[in-house]
Amino acid sequence: MRPKGGSETVVISSRIGLGTWSIGGLMWGGTDRADAVKTIRAAVERGITLIDTAPVYGFGTAEELVGRALAEHGAREHVVIATKAGLRWRAGSVYRDGSPARIRAEVEDSLRRLRTDYIDIYQVHWPDPRVPVEKTAAAMYTLYERGTIRAIGVSNFSPLEIERFRSVAPVHVLQSPYNLFERGIEHDVLPYAERHGLPVFAYGALCRGLLSGRMRPDTKFTGDDLRQSDPKFQPRRYGQYLRAVAALDRFAHEAYGKTVLALALRWILDQGISSALWGARTPEQLAPIGDIVGWRLGPEARKTIDGILKDIITDPVGPEFMAPPARDRQKVAS
Ligand code: NAP
C-alpha cells in the first residue's frame, strides 16, 4: 500500500491554461500550424504558464506544435506541460488503453514530440474499463519515481476510480469537464477534490466555443468538426443555448462591463477551480485574457447566473458524447 498523498508535489501554474485540442486539428475541422505556433507563443507572452495537450490531439500534431513553439521560444522551463496517456488510435478510431505497456510507450513518444526530457504533469486521459485502475496507477508511479514525470493527474475519473488509483500512486491533479453549461462534477468530483485538497483543471471552459459569444444560429462547421454532432449544437437545443449566451452576455455587460467569454472564465475560477483550460487557435482569440483578471463574481451574481440558466435551458445535455469507447475484447487480446 503506497501513500495516498496528493501534496508531496506542488503544481504551480497559471489559473488560465491553454488547451490544445483544437490546435491538433482532428475533430476540429483541421488546423493552421503557423497560427498554432503563434498562439502557443502568444499564450506564454500573455502570462499563461500551463499548456494542456495530449498525444491523441491530432494524433501527435498538438504535442509536436507545443514542442516546436516552446523550443523556438526558449520557453520550456517557464511552462508547465500537462500531457496525457491512455488513449490509442488505429485506422482513425480512438479507444481507451490504460495498459502499462501503452503508458510506457506513450511517454517516450510524448517526450520526443514535446522536445523535452520530463513532463510536468502526466494525466491518464480516460479510465480504461478493461484494465484495473491499480495497474495503470502502478505504471504511472514508476514514471513518477524515475522523475520522467513530475506530477500525476487523472482525467474523467469518478471519485471511486480516483480512490483506487490513490491506493497505489499519488494523484496531484484532477481534470474534468466544467463550464457554465456542464456542471455534472459539482455532485461528485468537486466535493471529493475539496475534501482531499486536490487541484482541479476544468476542461471545455468555453463549452467548445459556445460561450465565446461568436456563435450565431447560422454558424456552420466544416470538415470533421465535432460540433456538427455535438448535441448542444443541434437545432432546438442550440437555440436554447444561444439564448442563454445572449442573456449571460447582457448580464456581464450590465453588471461588470464584460463579455460573456470573460464571465464564463471568471465564473469557473470563482467556483474554486485551480485552472480553466481555454482552447484557442489564434493569438487574437486569447486577446480578451486581460478581461478575466481583477474582478470577482460574488454569491448574488452567481445566483443570478443560475437563474438565467434554469429559466432558459429547459433541456440541458452534458458532454458525454465525447467519451471514447473501450477496446473490444478482440483488440485486448491482441
Ligand atoms: P473550449 O475551450 O471550450 O473551446 C475551444 C474553442 O472555443 C476554440 O476551438 C474556438 O473555436 C473557441 N474560442 C476560443 N476562444 C475564442 C474567442 N476569443 N472567440 C471566439 N471563439 C473562441 O473547448 P476545448 O478546446 O474542448 O477545451 C479546452 C481544453 O481542455 C482542450 O483544448 C484540451 O486541452 C482540454 N480537454 C480535455 C479533455 C479531456 O478528456 N481531458 C476533453 C476536452 C478538452 P473555433 O474553433 O470555432 O475557433
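Just so you know, residue 1 is the first one in the sequence shown, and it goes up from there. Remember, it's 1-based here, ligands and their atoms both numbered in the order they're listed. Quantities reported herein were computed from a predicted structural model and do not represent experimental measurements.
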Colleague: Under a 4.0 Å heavy-atom cut-off, what residues line ligand 1?
Modeller: G19, T20, W21, S22, W28, D52, Y57, K84, H125, W126, S155, N156, Q175, Y203, G204, A205, L206, C207, R208, G209, S212, R214, R227, L261, L277, W278, G279, R281, Q285

Colleague: Going by the rule salt bridge (charged side-chain N to carboxylate O under 4.0 Å, His left out), which residues pair with E186 if we only count those two or more places apart in sequence or in a different chain?
Modeller: R183

Colleague: Listed by chain and number, what are the salt bridge (charged side-chain N to carboxylate O under 4.0 Å, His left out) partners of R281, not counting sequence neighbours?
Modeller: none

Colleague: Establish, yes or no, whether the cationic atom of R90 lies under 6.0 Å from the six-membered ring centre of Y95 and within 45° of the ring axis.
Modeller: no

Colleague: Do S110 and E63 pair up side chain to side chain, a donor and an acceptor below 3.5 Å, judged on atom types alone?
Modeller: yes

Colleague: Show every ring pair (Phe, Tyr, Trp, His ring centres under 6.0 Å) that has at least one partner inside residues 208-249, sequence neighbours left out.
Modeller: F181-Y241, F221-F233, F233-Y238

Colleague: Do R266's NZ or CZ and the ring of W278 fall within the cation-pi criteria of under 6.0 Å and 45°?
Modeller: no

